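Here the structure is laid out as C-alpha cells; the discussion comes afterwards.
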Amino acid sequence: QVQLVESGGGSVQPGGSLRLSCAASGISFERYCMGWFRQAPGEEREGVATLSKDGNAKYATFVKDRFTISLDNAKNTLLLQMNDLKPQDTAMYYCAADRGCSTFYNIYALNNGLDYVGQGTQVTVSS
C-alpha cells in the first residue's frame, strides 16, 4: 500500500522559509516521478516542482530560484525547500507520485491523472 504523508507546513512572514517533507512508503522513487503541486482556495491545482526518475528537477516558473526539490533516499522522503516565500505562495501543498512528470504541469492531468497523492500540508504566507 502506497502512503505519502506531508509535513512541515505552517505560517510565515513574507521572505521567510519553510521546508516541506513527504514521507513515502510502499513506493520506489526509481519507478515514479515525484513532485509537489499546490491549490489555493477557489483556484486550480498547479504544479510546483518535480523530480524525475533519473534525478532531473523541474520547477514552475513562479517558484524557480526560490524553491528546491530533493530526495532523502535514506529516509525515503521527498523534500521541498521554500525560500523567499510570498503571499501568493499561500496554498495547500500536496506531494504526489506519477509515472511521468508531465502530469504535474497539465491542468487536466493534474486533476484527474496522478497515481498517488498525499493529504496535503497548509502553507500560509502573510504579514
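Remember, predicted model here, so these are calculated numbers, not experimental data.
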Can you name the closest pair of heavy atoms from [X] and [Y] and give their distance?
X	Y	result
Asp98	Leu114	OD1-CA, 3.3 Å
Gly9	Leu20	N-CD2, 3.6 Å
Pro14	Ser127	CD-N, 3.8 Å
Gln119	Val5	OE1-CA, 3.7 Å

Rounded to the nearest 0.5 Å, what's the gap from [atom1] on [X] to [atom2] on [Y]? Could you check?
X	Y	atom1	atom2	value
Asn112	Ile107	CG	CD1	11.5 Å
Leu71	Leu79	CG	CG	7.5 Å
Leu78	Leu51	CG	CG	7.0 Å
Thr124	Leu85	OG1	CG	10.5 Å
Thr68	Met82	OG1	CE	11.0 Å

Is there any salt bridge (charged side-chain N to carboxylate O under 4.0 Å, His left out) pair reaching into [range], and which pairs are they, with sequence neighbours excluded?
range	answer
residues 69-95	Arg38-Asp89, Arg66-Asp89, Asp84-Lys86
residues 7-18	none
residues 101-120	Arg99-Asp115
residues 18-35	none

By side chain to side chain donor-acceptor pair (under 3.5 Å) - contacts of [X] (at least two apart):
X	answer
Gln3	none
Thr90	none
Ser17	Asn83
Ser7	none

Under the ring pair (Phe, Tyr, Trp, His ring centres under 6.0 Å) rule, collect the residues that match up with Phe104, sequence neighbours excluded.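 Result, ring pair (Phe, Tyr, Trp, His ring centres under 6.0 Å) vs Phe104: none returned.
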Give every residue pair that meets the side chain to side chain donor-acceptor pair (under 3.5 Å) criterion with at least one member in residues 47-62, sequence neighbours excluded.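 Residue pairs with at least one partner in residues 47-62: Thr50-Tyr105, Ser52-Asp54, Asp54-Asn56.
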Find out whether Ser11 and Ser126 are in side-chain contact, i.e. whether some heavy atom of one side chain is under 4.5 Å from a heavy atom of the other.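 Sidechains of Ser126 and Ser11: no contact.
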Answer whether the closest heavy-atom distance between the side chains of Met34 and Ile69 falls below 4.5 Å.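 They are not in side-chain contact.
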Is Glu6 reaching over with its side chain to a backbone N or O of Gly120, donor-acceptor style, under 3.5 angstrom?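 Judged by distance alone, yes, a pair lies under 3.5 Å.
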Can you pull the ring pair (Phe, Tyr, Trp, His ring centres under 6.0 Å) pairs that have at least one residue in residues 60-84, sequence neighbours excluded?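 Qualifying pairs: none.
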Tell me, which pairs form a ring pair (Phe, Tyr, Trp, His ring centres under 6.0 Å) where one or both residues lie in residues 30-50, sequence neighbours left out?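 Sorted result for residues 30-50: Tyr32-Tyr116, Phe37-Tyr94.
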